[in-house]
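These numbers come from the heavy atoms of this one structure, side chains and all, not from hydrogens, waters or symmetry mates. Below, read A as the first sequence line, B as the second, and so on, with proteins coming before strands; counting in each chain starts at 1.
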Number of protein chains: 2
Amino acid sequence: MVKPTLMDVAAAAGVSYATADRVLNRRGGVAEKSVLRVLAAIEQLGYTRDVTAANLARGRSYNYAFLIPAQAGTFFGEMRAAVKAEAKARASQRINIMIEEVPAFNSDGLAEVLESYIDRDLSGICLVAIDSPRVRKAIQALRAKDVFVLTLVADTQSDSRDAYIGLDNLAAGRTAGRVLSLASRDGGVVLPIAGSLDATDHALRFKGFKQAITFDVTVLPVIESFDRPENVADAVRSTLEAHPNLTGIYSIGSGQNGLFAALSEVQKSVTYQRPVVVLHDLVGSVRTALTIGLVDAVIDQKPDQQIARALDAMKALSDGETLPPDFGTIVPSLYFQDNMPPAPADGPEKGPSL
Amino acid sequence: MVKPTLMDVAAAAGVSYATADRVLNRRGGVAEKSVLRVLAAIEQLGYTRDVTAANLARGRSYNYAFLIPAQAGTFFGEMRAAVKAEAKARASQRINIMIEEVPAFNSDGLAEVLESYIDRDLSGICLVAIDSPRVRKAIQALRAKDVFVLTLVADTQSDSRDAYIGLDNLAAGRTAGRVLSLASRDGGVVLPIAGSLDATDHALRFKGFKQAITFDVTVLPVIESFDRPENVADAVRSTLEAHPNLTGIYSIGSGQNGLFAALSEVQKSVTYQRPVVVLHDLVGSVRTALTIGLVDAVIDQKPDQQIARALDAMKALSDGETLPPDFGTIVPSLYFQDNMPPAPADGPEKGPSL
DNA sequence: CATTTTTTGATAGACGTCTATCATTTTGAG
DNA sequence: CTCAAAATGATAGACGTCTATCAAAAAATG
């Protein structure tokens, strides 16, 4: 009942360990019939290689790097924390993870860091892509050196990386639309605020949003805030003035502080019911706003899950597996005050025990 | 830059490998000052034990068992599939997982299976608890043999098992209440249907539901269906007759087919807007109902995540770690048509390659 | 049949750790 | 200082696999 070893396989196949090993590791120079017998034995015994022992013998360890934009207090902050947590958790399994801060919104800065990684002994690298010729070239150079390249959150051209892990933005937008439609069942007016529709993620969210809006709900023209809090606040204020009957707001991008400011003004004057507010990413201030009921629903892209998924993907690729088609698709989560996950804490402590 | 080994630690501490080992594994018989030097070296080098090598040397493997109720086509079916998937994925890491079917709703049947596991060499066992003296006794017997016992989905007394992994039912109910409140903003009438309020999970969901309902929404008396489809169908039909203005239905338990039957009748007669329907567990027929728009929102308890969590918990316990307080709490997920996760498929194939 | 080529067997040393044993050194008590 | 007790060092064999090497056997070639 114990797990069979390659020795057992060899014995069952009636060959030597060496031959079984040659088959398993495709070293060649084995007669057809022996190959078959070994494979049959593997099949019959249900043998699976003990990967940990194999890695030990090979002296192999997995080195991965994560390039996370330096942008404090945002979604990327959570992401960094998640990477750190995973790094700690997997340290004892021969998985080494490096975290590097890269300047935000700066393709040359990103490219520079990428280029600096070309000669480190890496198995995989994970980055939030900013498309530019230089970045693309750096990625190609890495892949040419057998480094797996995954994009996270933001993608490049799909043929220039090995996988993309990121939110299904269309689904996210549709979810937002669904919530606001439900909340405006007898007709209503809703306001979408995006950062910029030139950003593909925002554009996709907006598209999904419109898809899910039911016919009797009016969607006001989308406002582009360029993620500046003042712009968001102004937009909300002036819209509320023009449409006192506003039933919903969908904040597609960032600049949430402006949103909160404008909303708390409304909350004080109780003359009308405040619109239902849906926004993105359950981070710091958003969490607070949801808790105190300043906003109603948050669509989250689960940074921790994305990191875990990315690592699983890189490990699988390193082990020569292929990823299922939509492995990287992150389904948006919808959180109310009521089903908010606990704020991320540090993982379980462990001493150097047993 | 390579990962330090215990040899390196010993060298840095100026002691022999044997002494370093004695400290690391708490074998005793080491002078205080040596202990300190070794610990300092561990700290300074950032040494972490290579657990895989340690397990290899110890000949240790983790044997876990999952007892899943035999109930085809339900939530537990998904759960079984998830266990199978995890079993495959972790087979190469010295983790062996056995799945056993146990009769549903049968405490003696469960106890019998538990008793039969007393002499197998297990590190942990995971079960959907049905409380009974015999079951409790069997659990105690297992724990006395250093088997970790986790309850899944349904709990026993909290002091008689090592951890409970399960849905936060109160949060689930609140989430449902929130959705129906949102959808009934200008007042409305909602109907809760439970299986039985004697079941703690249903009672908790109902409690949370009432908490989250806003003041201007009327909650009809809860109907207990005992999870029989006919009862559910009858309840829905008669309530719709009595309250043509019904705005929402919350189906707390099972018997969903009756719900679907009654709803599709309503859908045909388009005289009024059908109530918003919230129910539990994204399985088979529920998935279909959500896709075609027969129901609006599904609260899911993520069986796959529960299994993964349970395994992580058992592994952590086996490794002598302690679990953070609410490690087992599963936050309910809310799915609309728009953010439904893909149906569970089989994991990535891998040959006996490299 | 002799010779080359292909296939197989046997085995050693490594990977990082565990466990155990035995010898040696250091320490503390009397 | 003596002697026992405590602490330390050195080392070997194991875990399951990888890689490499050398010799032996089997098969194919002429």
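- Atom CZ in B/R60 sits about 17 Å away from atom C1' in D/dA14, given to the nearest Å.
- Distance, A/I42 CD1 to D/dG16 P: 16 Å, rounded to whole Å.
- Defined by atom type and a distance below 3.5 Å, a donor-acceptor pair is present between the side-chain atoms of A/Y64 and A/S318.
- Straight-line distance from the CG atom of A/D8 to the P atom of D/dC15: 11 Å, rounded to whole Å.
- Residue-to-nucleotide proximity on DNA chain D shows that, of A/K33 and B/G59, the 5′-proximal contact is made by B/G59.
- Counting any heavy atom pair closer than 4.0 Å across all strands shown, B/A18 reaches a base atom.
- For a distance-only test at 3.5 Å, the side chain of B/R94 fails to qualify as a donor-acceptor partner of the base of D/dG16.
- Under the 6.0 Å distance and 45° angle rule, A/R309 counts as a cation-pi partner of A/F327.
- Note: CG (A/N55) to C1' (C/dA14) measures 15 Å, nearest angstrom.
- When each of C/dT19, C/dT17, D/dA10 is scored by its nearest atom to the side-chain atoms of B/D21, the top-ranked nucleotide is C/dT19.
- Atom pair B/E32:CD and D/dA6:P shows a separation of 16 Å (rounding to whole Å applied).
- Rounded to an integer number of Å, the gap from CD of A/Q93 to P of C/dC15 is 21 Å.
- Taking atom OH of residue A/Y62 and atom C1' of nucleotide C/dC15, one finds them 14 Å apart after rounding to whole Å.
- At the phosphate of C/dT8, OP1 or OP2 sits under 4.0 Å from a side-chain N or O atom of A/S34.
- Between A/K145 and A/D119, at least one side-chain N (NZ, or NE/NH1/NH2) sits under 4.0 Å from a carboxylate O, which counts as a salt bridge.
- Comparing D/dT17, D/dT21, C/dG16 by their nearest atom to the side chain of B/A53 picks out C/dG16.
- When distances are taken from the side chain of A/A31 to each of C/dT17, C/dC15, C/dT7, the shortest belongs to C/dT7.
- With D/dG16, D/dT8, C/dG9 as the candidates, the nucleotide lying closest to the side chain of A/D50 is D/dG16.
- In this structure, B/R94 contributes its side chain and B/R60 its backbone to a donor-acceptor pair below 3.5 Å.
- Applying the 4.0 Å criterion to OP1 and OP2 of D/dT19, one finds that A/R27 has a side-chain N or O inside that range.
- To the nearest angstrom, C1' of C/dT17 lies 9 Å from CG of B/N25.
- Minimum interatomic distance between A/R120 and A/E100 (heavy atoms only, all atoms of both residues): NH2-OE1, 4.3 Å.
- Listed candidates were C/dG16, C/dG9, D/dT19. Nearest to the side chain of A/L56 is C/dG16.
- Between B/E101 and B/R80 there is a salt bridge, since a side-chain N of the basic residue sits under 4.0 Å from a carboxylate O of the acidic one.
- Listed pair B/R58 / D/dC15 fails the phosphate criterion, with no side-chain N or O lying under 4.0 Å from OP1 or OP2.
- Comparing D/dG9, C/dG16, C/dT8 by their nearest atom to the side chain of A/R22 picks out C/dT8.
- Taking every side-chain heavy atom of A/S16 into account, C/dT8 is the closest of D/dA14, C/dT8, D/dT17.
- Note on B/Y17: every side-chain N or O is 4.0 Å or more away from OP1 and OP2 of C/dA20.
- Position along DNA chain D of the nearest nucleotide to A/L6 versus B/T19 favours B/T19 as the more 5'-ward residue.
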